[in-house]
**Q** 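Handing you this structure, nothing more for now.
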There are 2 protein chains.
Amino acid sequence: MGSIDSPRIQELSQILKALGHPTRLFIIEEIAQEPTCVCVLKERIGADTSTVSKHLSILRNAGLVSMEKKGTMVYYSLSCACVKDCIQALLPLIELKHKRYCEMLQ
Amino acid sequence: MGSIDSPRIQELSQILKALGHPTRLFIIEEIAQEPTCVCVLKERIGADTSTVSKHLSILRNAGLVSMEKKGTMVYYSLSCACVKDCIQALLPLIELKHKRYCEMLQ
DNA sequence: TGAGTATTTTGCAATATCGCCAAATAGCAG
DNA sequence: CTGCTATTTGGCGATATTGCAAAATACTCA
């Protein structure tokens, strides 16, 4: 059995924590479609560049994204397509929540 | 395109944030195997009952777990098996991280 | 009813996260 | 080298999370 301090739990929770923020999840979904540079992400997010950069460093530390420099610009992309699967796996849960919410109203 | 404030992003990030803590991830993996009551979880985690209860309330608010009372005890279980899929989807990413780390050492 | 157990809620202090600003770094063009 | 743009890093206040202790709630049994 994995204890709470096992590397497995630690690594998984680091990854999930990194994904557990609206801005970072948005970034993940954007770069899942195509590699995107920081300045474009900044525009779409509407936050300070430094804020976006810090979110990207969190995603980097979790191993979720890869970066590629092109001139002064840095393009970020998903380091593993499995991240998309992880997110998609949760859709049934969201549907379930909605179903429960509708039932509660009646 | 989903904006950052879209309900979809908000709900997904709430779920992922709830999963992004070692103790809560541990709880999820325990109750994924069989419904477990708070007092047993408390023993396995080694934290105060109130602490465990608070983690469970976070998981509840995210819709991740269901509870069933049996006498004074409350048994928690996964509300959707898809949560297991979500976690399992990340295993390739962890392997990739390890592979990168080994390469870095050489 | 009263004692005892299980769980949740509240309060609080320690710690961590978030987002902006300012400063530092890196790369390109002239 | 200088100026310019893109990005990262450091600093700081505001806010949120975390975990324990104490109080409140819920349920069972005698």
Side-chain angles (χ1 to χ4, degrees), chain A residues 3-5 9-28 30-31 34-77 79, chain B residues 3-5 9-28 30-31 34-77 79:
Chain A
S3 91
I4 284 191
D5 305 316
I9 292 271
Q10 293 300 318
E11 280 194 86
L12 274 173
S13 60
Q14 186 195 12
I15 293 168
L16 290 161
K17 187 176 187 174
L19 292 171
H21 187 286
T23 299
R24 293 194 290 265
L25 197 53
F26 179 81
I27 291 174
I28 288 290
E30 287 293 309
I31 69 179
E34 62 175 346
T36 314
C37 69
V38 183
C39 54
V40 170
L41 288 173
K42 166 212 153 85
E43 288 304 322
R44 296 189 183 156
I45 292 167
D48 197 89
T49 312
S50 66
T51 300
V52 176
S53 181
K54 239 174 233 182
H55 282 301
L56 285 166
S57 83
I58 291 171
L59 293 172
R60 241 186 294 128
N61 286 333
L64 283 159
V65 302
S66 309
M67 56 196 290
E68 189 183 356
K69 291 198 179 188
K70 287 186 185 173
T72 62
M73 310 225 268
V74 181
Y75 284 78
Y76 280 87
S77 55
S79 60
Chain B
S3 91
I4 283 191
D5 305 316
I9 292 271
Q10 293 300 318
E11 281 196 86
L12 274 173
S13 61
Q14 186 197 14
I15 292 169
L16 291 161
K17 186 177 188 175
L19 291 172
H21 186 286
T23 299
R24 293 194 290 266
L25 196 53
F26 179 82
I27 291 174
I28 288 291
E30 287 292 309
I31 69 179
E34 61 175 345
T36 313
C37 68
V38 182
C39 53
V40 170
L41 289 173
K42 166 212 152 86
E43 288 304 322
R44 296 189 183 156
I45 292 166
D48 197 90
T49 311
S50 65
T51 301
V52 176
S53 182
K54 227 177 244 181
H55 283 302
L56 285 166
S57 83
I58 291 171
L59 292 172
R60 240 185 295 128
N61 285 333
L64 283 160
V65 301
S66 309
M67 55 198 289
E68 188 183 356
K69 292 198 178 187
K70 287 186 184 172
T72 61
M73 309 225 267
V74 180
Y75 284 78
Y76 280 87
S77 55
S79 62

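Residue numbering restarts at 1 for every chain, and letters A, B, ... go by the order of the sequence lines. All heavy atoms count here, side chains included; hydrogens, waters and symmetry mates do not.
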**Q** Determine whether Val38(B) and Tyr76(B) satisfy the following criterion, side chain to side chain contact (heavy atoms under 4.5 Å, CB included), listing intermediate values before the conclusion.
**A** CA-CA 8 Å; Val38(B) 182; Tyr76(B) 280 87; 3.7 Å; yes
**Q** What's the spacing between Cys37(B) SG and Lys42(B) NZ if we round to 0.5 Å?
**A** 11.5 Å
**Q** First locate atom CD1 of Ile4(B), then atom OG of Ser13(B), and finally report the distance between them rounded to the nearest 0.5 Å.
**A** 10.0 Å
**Q** To the nearest 0.5 Å, what is the distance between CG on Leu64(B) and CG on Leu56(B)?
**A** 11.0 Å
**Q** List the residues meeting salt bridge (charged side-chain N to carboxylate O under 4.0 Å, His left out) with Arg44(B), not counting sequence neighbours, and say none if there are none.
**A** Glu30(B)
**Q** First locate atom CG of Leu25(B), then atom CD1 of Ile9(A), and finally report the distance between them rounded to the nearest 0.5 Å.
**A** 4.5 Å
**Q** To the nearest Å, how far apart are Asp48(A) CG and dG11(D) P?
**A** 17 Å
**Q** Taking C-beta and beyond as the side chain, do Glu68(B) and Ser77(B) meet within less than 4.5 Å on heavy atoms?
**A** no
**Q** Which value, rounded to the nearest 0.5 Å, describes the distance between Leu59(A) atom CG and Ser79(A) atom OG?
**A** 9.5 Å
**Q** Name the pairs: protein N/O against N/O of nucleotides 25-30 of chain D, kept only if under 3.5 Å.
**A**
none

**Q** Under the side chain to side chain contact (heavy atoms under 4.5 Å, CB included) rule, collect the residues that match up with His55(A), sequence neighbours excluded.
**A** His21(A), Thr23(A), Arg24(A), Ile27(A), Thr51(A)
**Q** For DNA chain C, which nucleotides open and close the run of contacts to chain A, 5' to 3', at under 4.0 angstrom from a non-hydrogen atom?
**A** dT17(C) to dC28(C)
**Q** Let me know the distance between CD1 of Ile45(A) and P of dT7(D), rounded to the nearest Å.
**A** 12 Å
**Q** My understanding is that only one of Leu16(B), Ile28(B), Ile15(B) makes a side-chain contact (heavy atoms from CB on, under 4.5 Å) with Leu16(A); could you say which?
**A** Leu16(B)
**Q** Quick one: are Lys17(B) and Leu19(A) in side-chain contact, heavy atoms under 4.5 Å?
**A** no
**Q** Tell me whether the NZ or CZ atom of Lys69(A) lies within the 45° cone about the ring axis of Tyr75(A) and under 6.0 Å from its centre.
**A** no
**Q** Going by heavy atoms closer than 4.0 Å, what residues in residues 50-60 of chain A are next to DNA chain C?
**A** Ser50(A), Thr51(A), Lys54(A), His55(A), Ile58(A)
**Q** Need one value for Tyr76(A): base, sugar-phosphate or nothing, where a base atom within 4.0 Å counts as base even if backbone is also close, heavy atoms only.
**A** sugar-phosphate
**Q** Show the distances under 3.5 angstrom between N or O atoms of the protein and N or O atoms of nucleotides 14-16 of chain D.
**A**
none

**Q** Are Ser3(A) and Asp5(A) linked by a side-chain donor-acceptor pair shorter than 3.5 Å?
**A** no
**Q** To the nearest angstrom, how far is Lys42(A) atom NZ from dT5(D) atom P?
**A** 13 Å
